[in-house]
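Notes to accompany the following structure.
In the text below, chain A, chain B and the rest are named by the order of the sequence lines, each starting its count at 1. For the numbers below, each heavy atom of this structure counts, side chains included, while hydrogens, waters and symmetry mates do not.
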Amino acid sequence: MLVVMKNQSWPHSLIFDKQHLLHRLYTLQQQDRHISAETIVRVAGEFNLPVSQVASVVDFYSFFYRKPVGRYHMLLSNCTSCGYQAGKTDLLKMLCRSLNVDPGVTRADGLVSISETSCIGMCDHGASMLINGIPLVGLDETKVTRIAGLVEQQLTLCQWPQDWFQITRSIRQSGMLLNNTGSSGNSLTKALSAGPGRTLDMIEHSGLRGRGGAGFSAGKKWRLCREATGDAHYVVCNADEGEPGTFKDRVLLQCHAGALFEGMTICALVIGARKGYLYLRGEYRYLLAHLQEALELHYSNNLLGCSILGHAGFDFDIEIVVGAGAYICGEESALIESLEGKPGVPRIRPPFPVTHGYLGQPTAVNNVETFIAAAYIVTHGSDNFRMAGTEQSTGSKILSVSGDCRNPGIYEYAFGVSIQEILDDCGADNVQAVQIGGPAGTLVAHRDFRRRISFEGVSTGGSFLVFGENRDLLTVNQNFARFFAHESCGFCTPCRVGTRLMEGSLQKIVDGRAVAADIEEIKRLSSLIMRYSHCGLGHTAANHMLDSLRQFPGLFEKRIMQQAFSPQIDLEAALETARQITHRDDADAHLD
Amino acid sequence: MTNEANKAIDANSITIDGETVPFDAGQTIMDAALAVKIYIPHLCHYPGLTPAGNCRLCMVEANGKSVAACVTQAQSGQQVSSNTPELNAARLSITQMLFVEGNHICPSCEKSGNCRLQAMGYYLGMLEEHFHQFNPRREIDASHSTVLLDRDRCILCDLCVRASRDVDKKNVFAIAGRGIHARLIVNTASGKLGDSNIEAKDLAAKICPVGAILIRERSFDSPVAERIYDRQSISDTAMTEHVPRKEDDRG
């Protein structure tokens with residue numbers, strides 16, 4: 001297959017532009033293991049950009065470093081499912097101890113650095129890490145010990161056990177989309193013979209809604225974009241699934257890339273675009289080669305490029321842009337900012353991307369699953385699609401199921417499936433709650449497991465986290481609060497400061513230093529963040545707290561001190577800096 | 001005729017706390033409010049600069065939805081509430097958040113009395129900081145001969161960034177970093193203000209609402225107790241603020 005492609009002569013830069021700012025910075029960082037001030041100045045010169053813009057990009061994304069990281073740079077996921085604390089042992093602590101290194105600080109010999117990162121989408125593979133950007137899954141204590149040894153021996157990753165890097169597809173239940181392995185080009189051929197107008201009618205009639213979580217009508221979005229005037233129109237695929245617990249796009253990109261590219265091309269036909277972008281989350285960089293191959297195959301089959309399938313004048317190219325670690329870039333306007341080589345700060349909306357998107361032009365941004373569903377609809381017809389699901393949520397939903405269950409993986413259901421049914425299928429017993437839609441979503445307690453997955457019921461972009469009866473939900477809240485504080489872009493006050501305050505308030509409860517007034521304070525803070533923030537991140541950042549307080553008040557009450565007031569500051573902890581400076585740890589250096 | 005005139009007014013007016021306020025197409029709720037001398041608290045907005053919407057003090061309820069007045073277009077018939085106990089309580093909390101995330105030392109700050117953050121505290125009746133102090137460690141830049149950058153007091157309002165880029169045409173500042181690590185940076189290879197072409201007369205050097213960007217050797221030009229907010233409320237001074245208009249615009 002590859003040999004055939006090598007003879008073709010389509011321009012590779014169309015698939016992956018090495019000169020995209022994010023890619024150039026990545027390349028230079030690969031050489032130097034960090035991005036120095038000199039590099040920033042040099043790149044600014046190359047791109048004819050202000051130094052400050054390049055610096056702000058470097059400082060915004062988690063995977064760019066100002067100081068050298070180790071030759072073995074390990075980022076352990078801190079998600080509740082694929083995180084280093086998912087099991088009993090704190091694997092991050094253990095790994096750091098084994099290699100004699102502090103988290104976030106490169107070892108003096110430059111060999112190793114260990115840090116944590118937000119969910120890397122390996123939740124069906126147990127505790128996982130990115131080592132030099134490559135996912136290493138199924139971490140446990142034995143593996144951590146062996147990893148420490150391999151690092152000290154300085155063996156290259158090719159010499160490590162290769163099964164550690166095996167990412168399985170773990171498709172547990174297939175439905176209309178996952179079963180659809182029709183020959184490539186089918187849906188595009190149909191769309192071309194139907195023409196853009198009738199194709200759009202089909203998408204609208206199908207009732208397809210965006211699969212990223214918000215559920216905006218895909219047909220309406222495409223129509224608004226098609227009707228918007230501009231110098232050019234763009235198609236953007238949001239492959240930046242960052243909601244902890246989501247990994248269905250990873251599997252779709254791995255197994256259904258062809259359908260995805262066809263869906264994007266159909267969208268291009270409808271809205272009149274000649275250029276499309278696939279924005280791939282930095283955590284999934286390891287999929288890049290596979291996606292490039294899939295794209296090249298599309299070019300060689302004339303499903304992309306000039307005069308697609310012989311239709312003169314229908315030209316469309318897709319380019320992949322790889323992100324660099326920022327959950328906020330899953331928000332469509334932040335994603336567009338990132339595509340434009342800027343920090344991923346969400347734009348003021350309106351105007352919306354359908355009229356003012358990439359480079360200020362009309363842009364249709366959809367999730368991976370949405371494009372694949374669109375391709376399905378064009379092949380099989382909108383009536384076929386509507387047969388599955390509910391009146392307001394047509395078709396199927398692909399869920400990423402993980403946490404306390406025997407069979408984590410990908411499950412596709414018609415919309416309207418009950419939570420209990422999913423729990424039965426994934427082998428989850430004695431479940432106390434399920435977090436649906438990730439930390440920004442909804443916490444559903446046992447008594448509500450009859451509720452159904454749909455836009456009008458419990459909505460989700462795909463994340464389905466199962467919490468068994470032994471799980472301490474308060475530490476889950478703490479994990480989520482930390483996640484939002486880490487991922488807040490910092491643009492607006494309530495989110496930038498409020499998410500940090502929330503983290504502190506929760507710590508106080510977990511430490512057993514909180515009083516009843518602190519609970520009221522958390523409710524007030526939650527409302528401030530959710531009502532007055534700039535974007536969806538802030539608007540949803542406290543959902544998990546309010547859900548927990550409403551449904552599991554006992555969790556909080558049992559850790560509350562029976563007194564009117566206790567200070568936020570933990571004096572004993574605050575003395576730690578002084579103890580370190582004075583090298584003291586004797587009794588007199590502690591409060592009691 | 002009267003009916004038609006009324007219609008014309010309705011077509012281009014909103015209400016703010018029950019008061020009818022006319023607007024021109026393209027104006028924001030903030031623009032419309034300021035034009036009729038209605039004060040909606042704000043720190044990151046300055047008439048004449050493109051609004052940013054980051055401080056969130058100007059949050060209002062427009063037709064039941066919380067929006068930032070400075071970046072939300074006025075729309076016919078929109079019912080806006082602004083001066084309500086609930087919104088003012090939220091504004092107070094947001095102001096307190098701005099205080100605790102930085103290092104604000106009002107009694108010894110030379111901007112005291114001329115500081116809009118402090119004035120906002122007065123306006124909203126802030127008596128304490130409420131939240132715990134973050135005590136961040138931030139870098140001071142004293143490399144420039146006439147302009148001092150003290151990041152401890154920066155509230156990330158972005159006014160200097162916009163003023164320098166859009167009015168001074170020098171693009172001296174930017175905001176970098178994510179979340180609580182966001183900070184003001186200088187657009188020079190060294191990152192130092194001394195290597196930039198900023199001058200004390202630039203709008204970017206003067207527009208800072210707090211004591212983050214200070215003109216050197218001017219600190220006691222006006223004595224304490226005779227400074228701006230010793231005499232006036234921020235709700236009054238806000239009515240006359242505007243970036244300097246160009247000479248040719250006056251004719």
Just give me the residue among B:A89, B:C44, B:A174, B:G177 that pairs up with chain A most often, heavy atom to heavy atom, under 4.5 Å. B:G177

Highest number of heavy-atom pairs under 4.5 Å with chain A: which of B:A182, B:P51, B:C55? B:C55

Strictly less than 4.5 Å between heavy atoms, which residues of residues 334-353 of chain A line up against chain B? Please order them by number. A:I348

Contact list (residues 527-543 of chain A to chain B, heavy-atom gap under 4.5 Å, by number) returns A:L528, A:R531, A:Y532, A:S533, A:H534

Is chain B contacted by the side chain of [X], its backbone, both, or neither, given a heavy-atom distance below 4.5 Å?
| X | value |
| --- | --- |
| A:I40 | neither |
| A:V51 | both |
| A:A326 | both |
| A:Q53 | neither |
| A:R42 | neither |

Tell me, for [X] versus chain A, whether the close heavy atoms (under 4.5 Å) come from the side chain, the backbone, both or neither.
| X | result |
| --- | --- |
| B:M59 | side chain |
| B:A68 | neither |
| B:L57 | neither |

Reference residue B:I175; test side-chain contact (heavy atoms from CB on, under 4.5 Å); the match among B:L156, B:N54, B:I185: B:L156

Just by distance, with hydrogens left out, do [X] and [Y] show a side-chain donor and acceptor under 3.5 Å apart?
| X | Y | value |
| --- | --- | --- |
| A:E331 | A:S333 | yes |
| B:N88 | B:N83 | yes |
| B:S66 | B:R56 | no |

Please report the closest heavy-atom contact between B:R153 and B:L214, naming both atoms and the distance. NH1-CD1, 3.8 Å

Closest heavy-atom pair, B:D31 versus B:H45, reported as atoms and distance to 0.1 Å, is OD1-NE2, 4.4 Å

Between A:P494, A:A37, A:S505, who has the most heavy-atom pairs with chain B when the cutoff is under 4.5 Å? A:P494

Ranking A:G490, A:A485, A:C495, A:P567 by heavy-atom pairs under 4.5 Å to chain B gives rank one to A:G490

Is the ring pair A:Y61/A:F64 parallel, tilted or perpendicular, if the boundaries are 30 and 60 degrees? perpendicular

Evaluate side-chain hydrogen bond (donor to acceptor under 3.5 Å, both in side chains) for A:S62 paired with B:R178, printing each intermediate quantity in order. CA-CA 9 Å; A:S62 290; B:R178 196 168 83 196; 3.0 Å; yes

Looking at A:E520 and A:R524, is there a salt bridge between them, counting it only when a charged N and a carboxylate O are closer than 4.0 Å? no

Check against side-chain hydrogen bond (donor to acceptor under 3.5 Å, both in side chains), A:R482 and A:N479: CA-CA 5 Å; A:R482 197 172 293 157; A:N479 179 294; over 6 Å; no

